[in-house]
Amino acid sequence: MRSPIPDYLTEVLDVCGGDGSGELAAYIPELAQADPDRFALALATVDGATYAVGDADVAFSIQSISKPFAYALALAEHGLDAVLEKVGVEPSGDAFNELSLEIGTGRPFNPMINAGALTVHALIDDETVRRGFSAFAGRDLELDEEVFTSELETADRNRAIAFMLRSHGIVEKDAQEVVEGYTRQCSLLVTVRDLALMAATLANGGVHPVSGERVVPREVTRQVMAVMATCGMYDAAGDWFTSVGIPAKSGVAGGLIGALPGQAGLATFSPRLDRHGNSVRGVQVFERLSHDMGMHLMEVPPPARSLVRGRTELPGGKTGHGWAYELQGSVNFVGMERVLRYLTEEPPTEAAVVLDLTRVHEVRDVGRRMLLEAVRRLVQDGHDVTLVDPEDMLEAFPDDHADGDLDAGDGIEVPVVRHR
Ligand code: GLU
């Protein structure tokens with residue numbers, strides 16, 4: 001069978017390709033030379049499948065799409081608190097190059113506007129950027145010298161912002177050097193395929209879906225995607241999040257990325273920009289994909305089926321008769337709340353209790369803690385509890401063969417077996 005996915009993506013390009021409105025970014029002379037008709041789309045899943053259609057191998061400068069990745073590297077290097085001291089996380093509602101600094105602290109509002117991105121860049125060095133971005137992409141990225149020189153020559157506004165930041169003590173490094181480094185960061189060359197994989201690395205909790213390299217810690221990606229969701233689309237962020245609902249970032253060369261947590265990274269390239277500086281056709285593609293593929297983050301899934309699939313009587317447990325509870329689905333807060341409610345409202349009437357996780361496909365940290373608390377309380381009530389966990393969802397097994405024990409607190413060790 002031929003996969004329908006590339007056909008679908010090509011169809012999306014065809015449908016959105018007709019719109020010739022928008023302008024090239026002219027404030028960087030080299031970008032005004034770009035071919036305005038280029039159009040490409042790529043999607044990378046968190047397990048490493050990539051699909052790319054249109055001008056997918058054309059490289060362009062990353063520009064502001066570099067901002068979330070530089071932010072991620074700064075967070076990984078300095079930690080959240082140190083970075084928050086320098087850059088906030090509030091949408092500014094202003095254009096990307098507005099000099100909006102918080103009254104009192106002088107902090108830029110967020111890392112997605114230039115003031116914030118210059119501050120973030122000053123927290124990491126050029127080598128960290130180049131190496132880190134390459135790890136996000138899964139290949140060595142190169143610099144577009146022409147774009148770099150062209151932008152640096154005309155970067156007066158960014159210089160003004162950098163000097164202003166220094167005057168507030170937010171940036172300590174030499175202002176000219178910071179602007180030069182930031183401009184180099186913006187001039188790295190990428191294709192939509194690279195960008196889709198970079199976004200997929202964020203969506204995958206910081207691990208590159210193909211190389212398997214951990215680029216940044218998981219908690220960093222949560223922070224970065226949250227800031228993309230609220231501040232990623234300049235002064236169109238609210239419009240974007242309500243209509244598309246995917247954490248995103250655009251760049252003035254015409255790139256646009258989206259990171260759908262736990263699912264996929266998306267990227268488009270089309271150089272004509274709307275008045276906010278976002279790619280006209282890129283925005284249309286994202287609206288379509290979000291709608292067709294149900295990718296809006298706020299689209300509420302139908303209520304999960306009960307986590308307790310059923311209760312059966314045990315033919316003979318260790319201490320006589322008992323009950324086996326078969327759990328299914330996701331052991332998250334809401335799922336476990338139902339299990340706890342079930343066990344509270346209809347307490348097991350026999351001594352032996354088996355909690356069978358064979359049909360469980362995911363155990364969240366909170367679910368694991370709630371499950372162990374249930375076990376601890378059942379044991380305190382005099383029950384003899386066994387967990388069945390063939391897929392080692394609870395990570396109880398010391399090696400592939402032996403059965404294990406789980407510490408449920410208060411010195412209670414619960415046997416965990418692989419087979420029913
Ligand atoms: N290098 C560009 C600047 O700082 C990036 C702007 C953008 O892509 O939005 O002006």
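Residue numbers run from 1 in the order of the sequence given.
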Under 3.5 Å: donor-acceptor pair, side chain of [X], backbone of [Y]:
X	Y	value
Ser167	Met164	yes
Ser290	Phe286	no
Asp55	Val58	no
His78	Leu123	yes
His296	Thr242	yes
Asp81	Leu84	no
Trp240	Ile246	yes
Lys249	Gly232	yes
Arg193	Ala52	no
Asp356	Thr358	yes

Neighbour count above 12 (heavy atom, 6.0 Å) for [X] [atom1]:
X	atom1	result
His291	NE2	no
Glu391	CD	no
Arg377	CZ	no

Side-chain contact, heavy-atom cut-off 4.5 Å: [X] with [Y]?
X	Y	result
Asp194	Leu141	yes
Arg418	Asp389	no
Leu165	Leu101	yes
Leu189	Ile62	no
Phe136	Leu73	yes
Leu289	Leu9	yes
Arg288	Val15	yes
Val215	Val207	no

Carboxylate-amine/guanidinium proximity below 4.0 Å for Arg2 and Asp7: yes

salt_bridge(Arg376, Glu373) N-O dist < 4.0 Å: yes

Result of checking Val120, Leu118, Asn114 against Lys67 for side-chain contact (heavy atoms from CB on, under 4.5 Å): Asn114

Val414 and Thr386: CA distance, side-chain angles, deciding distance, side chain to side chain contact (heavy atoms under 4.5 Å, CB included) verdict: CA-CA 6 Å; Val414 202; Thr386 306; over 6 Å; no

Please list every donor-acceptor pair under 3.5 Å in which a side-chain atom of residues 259-271 meets a protein atom from a residue at least two apart or in another chain.
unit_1: Ser270; atom_1: OG; unit_2: Arg281; atom_2: NE; d: 2.8
unit_1: Ser270; atom_1: OG; unit_2: Arg281; atom_2: NH2; d: 3.2

Listed partners of Glu102 passing salt bridge (Lys or Arg N to Asp or Glu O under 4.0 Å), at least two apart: Arg107

Set of salt bridge (Lys or Arg N to Asp or Glu O under 4.0 Å) partners for Glu337, sequence neighbours left out: Arg341

All N/O donor-acceptor pairs, side-chain side in residues 22-44, below 3.5 Å, sequence neighbours left out:
unit_1: Asp35; atom_1: OD1; unit_2: Asp37; atom_2: N; d: 2.9
unit_1: Asp37; atom_1: OD1; unit_2: Arg272; atom_2: NH2; d: 2.8

Quick check: closest heavy atoms across [X] and [Y], and the distance to 0.1 Å?
X	Y	value
Val227	Val89	CG2-CG1, 3.7 Å
Gly282	Leu256	C-CD2, 3.4 Å
Ser150	Thr154	O-OG1, 3.1 Å
Phe397	Gly404	CD2-N, 3.5 Å
Ala155	Val179	CB-CG1, 4.1 Å
Phe60	Val192	CE2-N, 4.0 Å

Where at least one partner belongs to residues 199-227, residue pairs that pass side-chain hydrogen bond (donor to acceptor under 3.5 Å, both in side chains), sequence neighbours excluded: Tyr71-Gln223

Pairs flagged by side-chain hydrogen bond (donor to acceptor under 3.5 Å, both in side chains) wherever residues 83-92 is involved - sequence neighbours left out: Lys86-Glu172

Stepwise side chain to side chain contact (heavy atoms under 4.5 Å, CB included) check, Val417 with Val354: CA-CA 10 Å; Val417 296; Val354 173; over 6 Å; no

Can you measure from [atom1] ([X]) to [atom2] ([Y]) and round to the nearest 0.5 angstrom?
X	Y	atom1	atom2	value
Met336	Ser330	CE	OG	11.5 Å
Arg359	Gln328	CZ	CD	7.0 Å
Ile5	Thr10	CD1	OG1	11.5 Å
Leu152	Tyr182	CG	OH	12.0 Å
Leu372	Asp407	CG	CG	8.0 Å
Ser134	Glu142	OG	CD	9.0 Å

Parallel, tilted or perpendicular: ring planes of Tyr325 versus Tyr342, cut at 30 and 60 degrees: perpendicular

Do the side-chain N and O atoms of [X] and [Y] include a donor-acceptor pair separated by under 3.5 angstrom?
X	Y	result
Glu362	Asn332	no
Gln185	Ser66	yes
Asp125	Thr128	yes
Asp239	His276	no

Trace of the side chain to side chain contact (heavy atoms under 4.5 Å, CB included) decision for Val283 with Ser279: CA-CA 6 Å; Val283 170; Ser279 164; 5.6 Å; no

Intermediate values then yes/no, side chain to side chain contact (heavy atoms under 4.5 Å, CB included), Met393 and Val331: CA-CA 10 Å; Met393 299 295 239; Val331 178; over 6 Å; no

Verdict with reasoning, Arg368 to Asp365, per salt bridge (Lys or Arg N to Asp or Glu O under 4.0 Å): CA-CA 5 Å; Arg368 185 181 199 272; Asp365 186 48; 5.9 Å; no

